Amino acid sequence: MDHRINPTFSQLRKNPVHLLAFGFGSGLAPKGPGTAGTAVALLLWPLLAMLPLYAYIILVIAVSLLGFYLCGKTAHDMGVHDHQGIVWDEMAGYWLTMTALPVSWSWALAGFVLFRLFDIWKPWPIRWVDRHVGGGFGIMVDDLLAGLLAWAILFGICQFAF
């Protein structure tokens, strides 16, 4: 795939790895592809949250491990370290954020805002990881750290509020 241009949805459909890495096409959004990918994750979260907690955690781990491959392979194929359209990492990070939180739109939106804040702002050590760790692991781990930080805050609020 030519890295100088963005792929089309038709091109993504021809390669399941790229289609998944681009968040089922949400990464093609012309503005804010990371936010679009996170929005897809938000819309899918109520379904995933119906799983028992142990299954949800296994799913988040599996999505993350798969993401190391998906994101790395797609970045390599495109010839770009971390193409902005690769949003599988945002999806995994959001689902990590939402682990063991109450299923409601208020929690879903709080998780969305807090995860996006940390993903965009990239406080230490997230910024360091984003700049120094390469490949699929590097693409994924900064978003997983943003998700973990957002989760810690929301889970703490949840424990004290209820």
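What you see is a predicted model, and the numbers here were worked out from it, not measured in a lab.
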In terms of the angle between their ring planes, are F22 and H83 parallel, tilted or perpendicular, with boundaries placed at 30° and 60°?
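Rings of F22 and H83: tilted, as their planes differ by 30° to 60°.
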Should the ring pair F68 and F137 be called parallel, tilted or perpendicular, given that the plane angle runs from 0 to 90° and is split at 30 and 60?
tilted
Is any side-chain heavy atom of [X] less than 4.5 Å from a side-chain heavy atom of [Y]?
X    : Y    : result
P7   : L28  : yes
P33  : S26  : no
F115 : E90  : yes
L117 : F112 : no
T97  : L114 : no
W95  : L44  : yes
T38  : L42  : no
N15  : L19  : no

Any link between [X] and [Y] through a network of hydrophobic side chains (Ile, Leu, Val, Met, Phe, Trp, Tyr) touching at under 4.5 Å?
X    : Y    : answer
M98  : Y54  : no
W121 : I126 : yes
I58  : W88  : no
W45  : L47  : no
L53  : L148 : yes

Short question: side chain of [X], backbone of [Y] - any donor-acceptor pair under 3.5 Å?
X   : Y   : answer
T74 : C71 : no
H76 : G72 : no
Y94 : V40 : no

Identify the two heavy atoms, one from L12 and one from G25, that lie closest to each other, and give their separation to 0.1 Å.
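Smallest heavy-atom distance, with atoms named: CD1-CA, 4.1 Å.
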Considering non-hydrogen atoms only, spot the tightest contact between D89 and I86 and give its length.
OD1-O, 3.1 Å
Could you walk me through whether I61 and L65 pass side chain to side chain contact (heavy atoms under 4.5 Å, CB included), step by step?
CA-CA 6 Å; I61 291 168; L65 292 174; 3.9 Å; yes
So, taking the atom named [atom1] in [X] and the one named [atom2] in [Y], what distance separates them when rounded to the nearest 0.5 Å?
X    : Y    : atom1 : atom2 : result
W151 : L154 : CH2   : CG    : 10.0 Å
Y56  : L101 : OH    : CG    : 8.0 Å
M140 : L70  : CE    : CG    : 8.5 Å

Determine, for D119 against R116, whether the closest basic-nitrogen to carboxylate-oxygen distance falls under 4.0 angstrom.
yes
Kindly indicate, with the supporting measurements, whether the criterion side chain to side chain contact (heavy atoms under 4.5 Å, CB included) is fulfilled by L145 and K122.
CA-CA 9 Å; L145 288 172; K122 296 192 186 312; over 6 Å; no
Take F155 and T99, measure what side chain to side chain contact (heavy atoms under 4.5 Å, CB included) needs, and give me the verdict at the end.
CA-CA 8 Å; F155 191 75; T99 302; over 6 Å; no
Whether the S10 and T8 side chains hold a donor-acceptor pair (N or O, under 3.5 Å, no angle test) is what I'd like checked.
no
Evaluate the criterion side chain to side chain contact (heavy atoms under 4.5 Å, CB included) for residue pair L96 and S64; output intermediate values, then yes/no.
CA-CA 9 Å; L96 175 58; S64 299; over 6 Å; no
Counting heavy atoms not belonging to R127, are there more than 12 under 6.0 Å from its CZ?
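More than 12 heavy atoms, drawn from other residues, nucleotides or ligands, come within 6.0 Å of this atom.
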